[in-house]
S.K.: 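The structure's right below; bear with me while I get my questions together.
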Amino acid sequence: MKIFNYRFIIFALSIVFGIFFSIPSLMQTDTGKKISLGLDLQGGLHMLLGVNTHEAVTAKIKSIASSIKYFADDEEILIDALSINEDSVTFTVLDVDEMPKMDEMLNTSITGLEVNKNDQDYILTLTAEDIEKTKDFAVSQVVETIRNRLDQFGLSEPSVTRQGDTDIVVQLPGIKTAEDEKAARELISKPANLELMAVDEERADQVYTMTASQAAQYGNIILEDTNDASTKYLVKEIPILNGSQIIDAQVAFDQANQPIINFTLNSSGARIFGDFTAKSVGKRLAVVLDGKVYSAPNIRERIGGGSGQISGGFTVAEAGNVAIALRSGALPASVKLLEKRSVGPSLGADSIKASMIALISGFVLVFIFMIIYYKRAGIIANIALVTNIFIIIAVMAMFGATLTLPGMAGIVLTVGMAVDANVIISERIRELLREGMSIPKAIEDGYSNAMRAILDANITTLLVAVILYAYGTGPIKGFAVTISIGILASMLTAILGTHGIYEALLPKIMQSKDKKKWFGVK
Amino acid sequence: MEFFKIDKVFDFMSKRLPFLGLSGLLVIASIVLLFTKGLNFGIDFAGGTVVQVQYEQKAPIEKIRNTLEGTKYENSTITEFGSPQEVVIRIKGSSSNLANDIGDEMHKLLDSTGNFEVRRVDMVGPKVGGELREKGLMALGLSLVVILIYVSFRFEWRFAVASILALAHDVTIALGAISLFNIEVNLDILAAILTILGYSLNDTIIVFDRIREGVQISKESILDKVVNESVSKTLSRTTLTSLTTFFVVITLFLFGGEIIHGFAFTMLVGIVVGTYSSIFIAASFLVQLKFSIANFKAKEAEKLKRQKEKEKMRAMYEQGTV
């Protein structure tokens with residue numbers, strides 16, 4: 001035996017590598033890197049969400065408008081015709097002398113604006129660059145917010161990743177029931193936009209006769225009660241506080257043992273809240289969540305300390321989810337469902353079982369066939385084949401690749417194709433033996449003759465797999481990965497590995513009586 | 001064991017016109033099918049919703065149909081899926097509302113039809129469907145371009161054109177079969193088509209490699225004969241590999257379950273057509289394209305000469321004798 005040839009050593013090492021690193025995946029041990037199963041195999045929920053990024057732009061425009069109004073009120077600058085369009089704010093400064101003050105504010109405190117003036121008329125437009133930035137920021141913020149919410153929801157390994165400019169991929173393995181799935185979807189989609197708004201007590205009794213546009217004339221809006229749509233409130237359009245000033249929210253229970261949510265404000269929120277409640281004793285404060293009024297209690301005294309509560313007939317589970325959403329912050333823009341794939345755990349298990357049956361039976365067929373057709377050369381090819389599978393599993397586990405159903409099909413296919421290189425080589429060797437070449441020379445030349453064809457064929461397939469990876473999504477990507485790893489592994493095992501075995505066994509082959517039988521040739 | 005005696009050379013090229021004719025017919029039939037019957041695009045490409053439901057007993061298809069009657073889902077199709085217990089409900093629309101989607105509603109609607117488990121809900125919105133379709137075509141097109149470039153570089157442009165024609169032949173016929181048997185075209189079918197592409201290319205390249213080798217070493221100057229010899233020599237390998245792959249895919253087809261059925265079927269067709277084309281068709285294109293042995297030899301000699309000169313120059317530089 002001539003074991004110490006470099007090919008055999010590399011092959012032996014790759015066998016050890018393959019077996020060692022595939023043990024965690026095959027045995028499902030607790031330690032070590034394992035192949036993760038795709039959602040189609042283990043069950044779970046996969047969603048592609050689209051962020052309505054224009055909403056973030058609108059919100060930014062609104063906040064610019066309200067800070068201009070705040071500034072003008074504060075500095076007693078008279079402005080008129082303040083209005084907002086898609087990506088611009090327009091207004092008129094009534095007194096020419098006040099214009100320098102306004103200009104300075106616009107230049108110093110608001111960024112990303114293009115200011116155009118026409119006499120006393122101001123047109124503020126968001127620059128294209130700033131619009132892009134706002135959209136981009138909104139998407140990352142949505143990703144962050146959803147991730148926070150899911151982390152607190154108590155699911156194992158939720159994954160939230162951005163895809164492209166406006167899309168987000170959410171993967172929730174381990175969702176078992178339709179109810180869980182629904183709850184998770186609701187949690188993700190909840191805007192969780194909390195606002196504390198002042199009720200316009202002067203006109204409150206006219207709320208049932210007023211139209212929305214009439215309300216707008218007084219700077220008010222009409223909101224419905226969350227439990228009873230016929231109860232309406234007239235509140236001031238510009239909120240006193242919003243959810244961005246919340247630092248904590250927890251579920252608690254009131255005297256009637258009904259779940260309520262206690263929230264805590266940050267210091268600036270607490271100050272504003274304290275000031276407002278001090279000067280509004282006797283008036284009502286509407287607690288508004290996502291545009292619905294949850295409660296509108298009377299303010300009895302100044303509320304210091306910066307905490308408040310939302311009550312409004314929640315169930316305990318609902319209150320818990322609302323609290324999570326409040327803690328994680330509001331979504332800066334709403335999301336819509338673009339694609340959803342949910343697989344029940346039993347279906348995933350069935351899929352694994354079916355593809356295992358296919359894999360094993362296909363494998364056994366190929367195995368037997370190779371031995372019958374090529375005799376001992378067939379056994380050697382089969383060793384390479386088995387090693388090939390171990391290497392695929394090991395490499396996938398090392399890179400933390402995900403095994404999907406098409407990926408399984410990819411492995412099955414690789415088994416079929418991996419014998420190809422062995423077949424090409426064995427055929428070449430047979431050919432040379434028939435021409436009367438000696439065995440060592442036939443092996444050497446057989447490999448070098450076969451090499452060019454195997455390389456060209458595998459490289460082209462690999463190129464196709466790379467393109468598939470670049471342009472595929474989800475499961476297709478998984479398929480491309482397994483095929484690529486399979487091709488590389490088969491080049492290692494078939495070209496290098498079997499060659500190494502032949503070299504190691506050469507002395508033995510030469511000693512045997514019927515040398516050609518090794519290759520199934522008479 | 002041996003299937004083919006190596007010294008036997010089959011005269012494929014003298015029969016190339018009948019085979020090309022047969023292929024031509026198949027390709028035309030496939031194209032006609034694709035334009036008249038068309039492809040049955042599944043939700044991955046067309047958008048829509050699929051709900052897979054497994055009942056504890058035989059699925060009450062009539063009852064489900066009656067239940068959905070009068071709701072907005074009355075146009076959905078209900079078919080058995082794999083076993084009598086399981087059904088798949090295909091709904092045209094999709095809902096972009098996260099909090100309340102079609103799956104939830106179906107769950108509620110079907111409540112009265114018996115004990116069941118919703119095993120799968122797939123929803124693909126129209127925008128995503130369009131994107132997936134676009135990307136799929138893009139992947140297919142790009143693959144062909146890359147193959148064209150690589151084969152031109154490694155062989156010669158006629159080899160590249162011939163292999164692309166052979167690929168187009170295989171893919172068209174596979175698509176024709178998909179259309180004929182009304183297989184639902186989803187992402188996995190696209191994966192199968194792309195695999196066929198890689199597989200059939202594999203086969204073709206190995207035959208072409210033999211032809212390239214034959215052209216270089218044999219004294220034969222008639223292309224037909226070189227091709228016959230090369231194809232005959234690779235015949236054993238081509239059929240063997242196809243057989244082993246066929247084994248694997250047929251087990252996938254038989255035991256892989258309903259969900260992988262379309263994939264396995266497409267692969268089966270692809271393997272059969274791919275094997276046929278790399279034996280009978282691919283090399284014929286080479287002959288039809290008037291590949292010239294003399295020119296190729298001259299070019300290869302030129303290449304060799306240039307390389308030798310380069311080596312000579314390098315050797316001279318290294319010895320410092322320039």
S.K.: What class does the angle between the rings of B/F41 and B/F45 fall in, given that below 30° is parallel, 30 to 60° is tilted and above 60° is perpendicular?
M.R.: perpendicular

S.K.: Got a second to check how far B/D170's CG is from B/I271's CD1, nearest 0.5 Å?
M.R.: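 One finds 11.5 Å between CG of B/D170 and CD1 of B/I271.
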
S.K.: Establish, from distance only, whether the side-chain atoms of A/D40 and A/T404 form a donor-acceptor pair under 3.5 Å.
M.R.: no

S.K.: If we check side-chain contact (heavy atoms from CB on, under 4.5 Å) with B/I164, which of these qualifies: B/V151, B/L148, B/T204, B/V145?
M.R.: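 Testing each of B/V151, B/L148, B/T204, B/V145 against B/I164, the sole residue satisfying side-chain contact (heavy atoms from CB on, under 4.5 Å) is B/L148.
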
S.K.: When only pairs under 4.5 Å are counted, which of A/D420, A/D167, A/N458 shares the most heavy-atom pairs with chain B?
M.R.: A/D420

S.K.: Which answer fits B/I260, side chain, backbone, both or neither, if we ask what part of it has an atom under 4.5 Å from a heavy atom of chain A?
M.R.: side chain

S.K.: Given a strict heavy-atom distance threshold of 4.5 Å, which part of A/L49 is in contact with chain B: side chain, backbone, both, or neither?
M.R.: side chain

S.K.: How long is the gap from OG on B/S236 to OH on A/Y373, to the nearest 0.5 Å?
M.R.: 3.5 Å

S.K.: Looking at A/T460, A/I357, A/V464, which one has more heavy-atom pairs under 4.5 Å with chain B than the rest?
M.R.: A/T460

S.K.: Relative to chain A, which segment of B/K135 carries a heavy atom at a distance below 4.5 Å: side chain, backbone, both, or neither?
M.R.: both

S.K.: What residue, out of A/V364, A/I459, A/I188, A/L187, has the most heavy-atom pairs lying under 4.5 Å from chain B?
M.R.: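 Looking at each option in turn, the highest pair count goes to A/I459.
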
S.K.: Checking B/S94 against chain A: side chain, backbone, both or neither under 4.5 Å from a heavy atom?
M.R.: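 For B/S94, no heavy atom lies under 4.5 Å from chain A.
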
S.K.: Checking B/I205 against chain A: side chain, backbone, both or neither under 4.5 Å from a heavy atom?
M.R.: side chain

S.K.: Any chance you could measure B/S96, atom OG, to B/K127, atom NZ, to the nearest 0.5 Å?
M.R.: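 Nearest 0.5 Å value for the OG-NZ distance: 11.0 Å.
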
S.K.: So what's closer than 4.5 Å to chain B heavy atoms on A/V419: side chain, backbone, both or neither?
M.R.: side chain

S.K.: Hey, what's the ring geometry for A/F479 with B/F263, parallel, tilted or perpendicular (30° and 60° as the breaks)?
M.R.: perpendicular

S.K.: Scan residues 240-264 of chain B for pairs that pass salt bridge (Lys or Arg N to Asp or Glu O under 4.0 Å), counting only residues two or more places apart or in two chains.
M.R.: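 Every pair satisfying salt bridge (Lys or Arg N to Asp or Glu O under 4.0 Å) with a residue in residues 240-264 of chain B: there are none.
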
S.K.: Let me see the working for B/Y199 and B/S278 under side-chain hydrogen bond (donor to acceptor under 3.5 Å, both in side chains), right down to the final yes or no.
M.R.: CA-CA 11 Å; B/Y199 176 83; B/S278 44; over 6 Å; no

S.K.: Counting only heavy atoms closer than 4.5 Å, note whether B/S95 contacts chain A via side chain, backbone, both or neither.
M.R.: backbone

S.K.: Under 4.5 Å, counting heavy-atom pairs only, tell me which of A/P345, A/G50, A/A470, A/A354 racks up the most with chain B.
M.R.: A/A354

S.K.: Need one label for B/R119: side chain, backbone, both or neither, based on atoms under 4.5 Å from any heavy atom in chain A.
M.R.: both

S.K.: Counting only non-hydrogen atoms closer than 4.5 Å, does B/I250 touch chain A with its backbone (N, CA, C, O), its side chain (CB onward), both, or neither?
M.R.: neither

S.K.: What class does the angle between the rings of B/F247 and A/F369 fall in, given that below 30° is parallel, 30 to 60° is tilted and above 60° is perpendicular?
M.R.: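 B/F247 and A/F369: perpendicular rings.
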
S.K.: If you count heavy-atom pairs within less than 4.5 Å of chain A, which of B/I206, B/N97, B/V207 leads?
M.R.: B/I206

S.K.: For the pair B/F208 and B/F155, name the ring-plane relationship: parallel under 30°, tilted 30 to 60°, perpendicular over 60°.
M.R.: perpendicular

S.K.: Heavy-atom distances under 4.5 Å only: say whether B/V128 touches chain A with side chain, backbone, both or neither.
M.R.: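 When you check distances to chain A, only side chain atoms of B/V128 fall under 4.5 Å.
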
S.K.: Kindly compute the distance separating CG (B/D209) from CD (B/E213), expressed to the nearest 0.5 Å.
M.R.: 6.0 Å

S.K.: I need the residue from A/S342, A/A184, A/A453 with the largest number of non-hydrogen atom pairs under 4.5 Å to chain B.
M.R.: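 Option with the top pair count is A/S342.
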
S.K.: At a 4.5 Å cut-off on heavy atoms, which part of A/M47 comes close to chain B: side chain, backbone, both, or neither?
M.R.: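 When you check distances to chain B, only side chain atoms of A/M47 fall under 4.5 Å.
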
S.K.: Apply side-chain contact (heavy atoms from CB on, under 4.5 Å) to residues B/T245 and B/V248 and explain how you reach the verdict.
M.R.: CA-CA 5 Å; B/T245 315; B/V248 179; 5.6 Å; no

S.K.: Using heavy-atom distances under 4.5 Å, tell me whether A/L468 contacts chain B through its side chain, its backbone, both, or neither.
M.R.: side chain

S.K.: What residue in A/K340, A/K336, A/M408 has the most heavy-atom pairs under 4.5 Å with chain B?
M.R.: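 Most heavy-atom pairs under 4.5 Å with chain B: A/K340.
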
S.K.: Pick one of side chain, backbone, both or neither for B/L194, based on which atoms fall under 4.5 Å of a heavy atom in chain A.
M.R.: both

S.K.: Tell me, out of B/Q52, B/M267, B/E131, B/R210, who's got the most heavy-atom pairs with chain A below 4.5 Å.
M.R.: B/R210

S.K.: Is A/L48 in contact with chain B via its backbone, its side chain, both, or neither, using a 4.5 Å heavy-atom distance?
M.R.: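 A/L48 touches chain B through side-chain heavy atoms alone.
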
S.K.: Do the side chains of A/E431 and B/R237 get close enough for a salt bridge, i.e. N-O under 4.0 angstrom?
M.R.: no

S.K.: Does any backbone or side-chain atom of A/D350 lie under 4.5 Å from a heavy atom of chain B? Answer side chain, backbone, both or neither.
M.R.: side chain

